[in-house]
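Down below is the structure, laid out as structure tokens.
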Amino acid sequence: MRVSRLMLVTLRDDPAEAEIISHKLLLRGGYIRRVASGIYVYLPLLWRVLQKISAIVREEMNAVGGLETLLPQLQPADLWERSGRWQGYTAGEGIMFHLVDRQQRSLGLGPTHEEVITALAADLLRSYRQLPVCLYQIQTKFRDEIRPRFGLMRGREFIMKDAYSFHAHEEDLRRAYGELDGAYRRIFGRCGLRAVAVEADSGAIGGSASQEFMVTAEAGEDLILTSPDGTYAANQERAVSLASEAVPLIAGEVTLLATPGQTSIEALCAAHGFDPSQIVKVLLLLARFAAGPSQPLLISLRGDQQLNPIKLANALTARLGEERGTLLDVEPISAEQLQSQGLKPLPFGYLGPQLEDAVLAGARDWSPSFLRLADATAAALDIFVCGANQPEAHRVGARWSEAGTTPESLDLRAAQAGDRCLHDPSQLLGARRGIEVGHIFQLGRKYSEALGARFTNEAGEEEALWMGCYGIGVSRLAQAAVEQHHDSNGIIWPVAIAPFELIIVIANVQEEAQVALAEQLYGELQRAGIDVLLDDRPERAGVKFKDADLIGIPWRVVVGRGAQAGTVELVERQGALKQELAASELLATVLSGLVDQRRGLASGAA
Ligand code: ATP
Ligand code: MG
């Protein structure tokens, strides 16, 4: 390919729309253009990168027995109603784009494909003899993200590889999950990424075990907690740890303490010398479900701990999901909401766990009693300080026994850096940021049961299929690679996913000798199967070097003054190598350098 024919438009300055370096570089290097929020054109350069990533993904998926397929993106609502996810994905904070067709039937644009594939399995899979099966596709997904941002990192339209496996029993699902784990490690390694596998929350997808693959980078939206010995790594959404010991409160009678204006833990501690771990704070929240009344929540936490909203959502789904359907959202209850329910105002900032259900009596469309949950660190306190449920006062020396209803104790707190590790309390968790590029799940039988995907087992009995699902954000991965591989001059693509492996720059296109030699080398390298770009533009050499660095082609050959004498300059983008050599030696030199890098071996793949 010739740069003059590439429609290449590079930008000198950082575009205002981009915040993180990889997004800036992809825009500046002519890889992507924004069409609307979270919607991008993948320009020819990026398309080549995506094709190379896809090729690696295909090779590794095929190697573990995957079958490539292509599922429809338009999905009928009734499939999603059968799995119980239509409401959750379309109402509230649901992220599925949906529409009504000319026959007034509802459809969704696929954010993921569990429903479609499970219905297909119900149709085609009948006997254990057909199992296991693993189908995958590489396709555009649509998600109406609440906060699309960072270019391809969080798009509303993006490319995903998703795979779904079907098994006759759970052990076989576990085996496949292990194999996919290996395939994923090879894929990311071959793409030149440093990725770590972490325990993950299974979220709206459901199921049991799940693991995410995180490309470590400062710009990552996820927080990963890891133990120094490397044996524990988890997404903060999921992470568990030992909290610090609480500072004991001296036992005594319950007393009422005047605390005017002290509505925060900090203010209360500053005024009275309490330690935050001696305080029980309560959060007054409202959970909305797809069906039934909204549920007021009274969540007790130790004053030095923070709520993990994912753990709370999972606890709510486990307790009320069956009865009230999908959890739509959880929000703090406001004074206005109390008023619109016809309820009396509450002393916000002074609430305690003893708050009585009576305060909810007569609510228009809320449940009349609280669901009371306490994080285990709060539940473990014998004696504590808490709000007195009256303005400007706290109770000192409170106990759970006198709070009336004792809340259910469970893990609701957010683990954080500095917490002690469960497997070895002498180690402290450290934090790193990560970009989630892949996620594998053991789904179990949730979808097969809901959609009637059953098979006859070896004993001749009918049962539901065991399922796994496995995603890779292909377009996000391309940008994550830039986030990990760049310098102040631009992108430094790992060879295996670079749009071109080598660029020949003609220093001065007015010089016939330079043009002739460059054309000759261009043909020679192409015939040898190297992805070559020829910068034949009538620009100054400096401009072309800058562009070559910006777009990040791993190898550059400069055909300049030495052309007369038959010499060229070979430069490695990483800066490791720069040499003058005879044009006749170029091919052999480049080939020997490329062989390993092409398969990603130079970047540490196992
Ligand atoms: P996230 O937590 O980042 O929103 P997710 O957990 O919802 O992602 P999955 O359903 O696990 O995503 O999708 C599989 C993969 O698709 C993710 O690991 C990620 O790499 C990619 N992905 C998900 N959402 C987006 C998006 N909006 N834009 C680009 N890639 C995405
Ligand atoms: Mg995920």
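These numbers were taken from a predicted model, which means no experiment stands behind them. Atoms within each ligand, like the ligands themselves, are counted from 1 in listed order. These numbers come from the heavy atoms of this one structure, side chains and all, not from hydrogens, waters or symmetry mates.
The salt bridge (Lys or Arg N to Asp or Glu O under 4.0 Å) test applied to Glu221 returns Arg149, Arg154, not counting sequence neighbours. Arg319 is linked by a salt bridge (Lys or Arg N to Asp or Glu O under 4.0 Å) to Glu408, counting only residues two or more places apart in sequence or in another chain.
The environment of Glu218 atom CD is sparse: at most 12 non-hydrogen atoms of other residues, nucleotides or ligands sit within 6.0 angstrom.
If you check each of Lys161, Glu157, Arg154 against atom 3 (O) of ligand 1, the one with the closest non-hydrogen atom is Arg154. Among Ala480, Gly438, Gly473, the residue whose heavy atom lies closest to atom 21 (C) of ligand 1 is Gly473. Taking only non-hydrogen atoms, the option from Glu237, Arg143, His439 nearest to atom 5 (P) of ligand 1 is Arg143.
In this structure the side chain of Ser54 reaches within 4.5 angstrom of the side chain of Arg58, judged on heavy atoms. Between Leu410 and Asp375, every side-chain heavy-atom pair lies at or beyond the 4.5 Å cut-off.
Between Tyr470 and Tyr177, the ring planes are tilted. Angles from 30° to 60° get that label. Between Tyr184 and Phe213, the ring-plane angle classifies as tilted under the 30° and 60° cut-offs.
No part of Glu221 comes within 4.0 Å of ligand 1, judged by heavy-atom distances. When non-hydrogen atoms are compared, ligand 1 lies under 4.0 Å from the backbone of Leu152 (N, CA, C, O) but not from its side chain. With a heavy-atom cut-off of 4.0 Å, Glu436 touches ligand 1 through backbone and side chain alike. Only the side chain of Glu145 comes within 4.0 Å of ligand 1, judged by heavy-atom distances.
Paired with Val330 under the rule side-chain contact (heavy atoms from CB on, under 4.5 Å), one option of Leu283, Ile299, Leu285 passes, and it is Leu285. Screening Leu152, Leu193, Leu50, Ile159 for a side-chain contact (heavy atoms from CB on, under 4.5 Å) involving Leu477 leaves a single residue, Leu193. For the side-chain hydrogen bond (donor to acceptor under 3.5 Å, both in side chains) criterion with Ser83, the lone passing option out of Lys446, Glu115, Glu114, Glu449 is Glu115.
A heavy-atom separation below 4.0 Å is found between Met153 and ligand 1. Heavy-atom distances between Thr112 and ligand 1 stay at or above 4.0 Å for every pair.
Listed by number with element, the atoms of ligand 1 under 4.0 angstrom from any heavy atom of Met160 are 13 (O), 14 (C), 16 (O).
Geometrically, ligand 1 and Asp222 share no nitrogen or oxygen pair separated by less than 3.5 Å. Backbone and side-chain nitrogen or oxygen atoms of Phe441 are examined, and none is located within less than 3.5 angstrom of a nitrogen or oxygen of ligand 1. Not a single N or O atom of Ser475, backbone or side chain, sits closer than 3.5 Å to an N or O atom of ligand 1.
Legend: side-chain hydrogen bond (donor to acceptor under 3.5 Å, both in side chains) pairs involving residues 25-34, not counting sequence neighbours, sorted by first then second residue: Tyr31-Trp493.
By the 6.0 Å and 45° rule, Arg476 does not stack over the aromatic ring of Phe158.
Here 2 is the count of protein N, O or S atoms positioned under 2.8 Å from the Mg ion (ligand 2), waters not counted.
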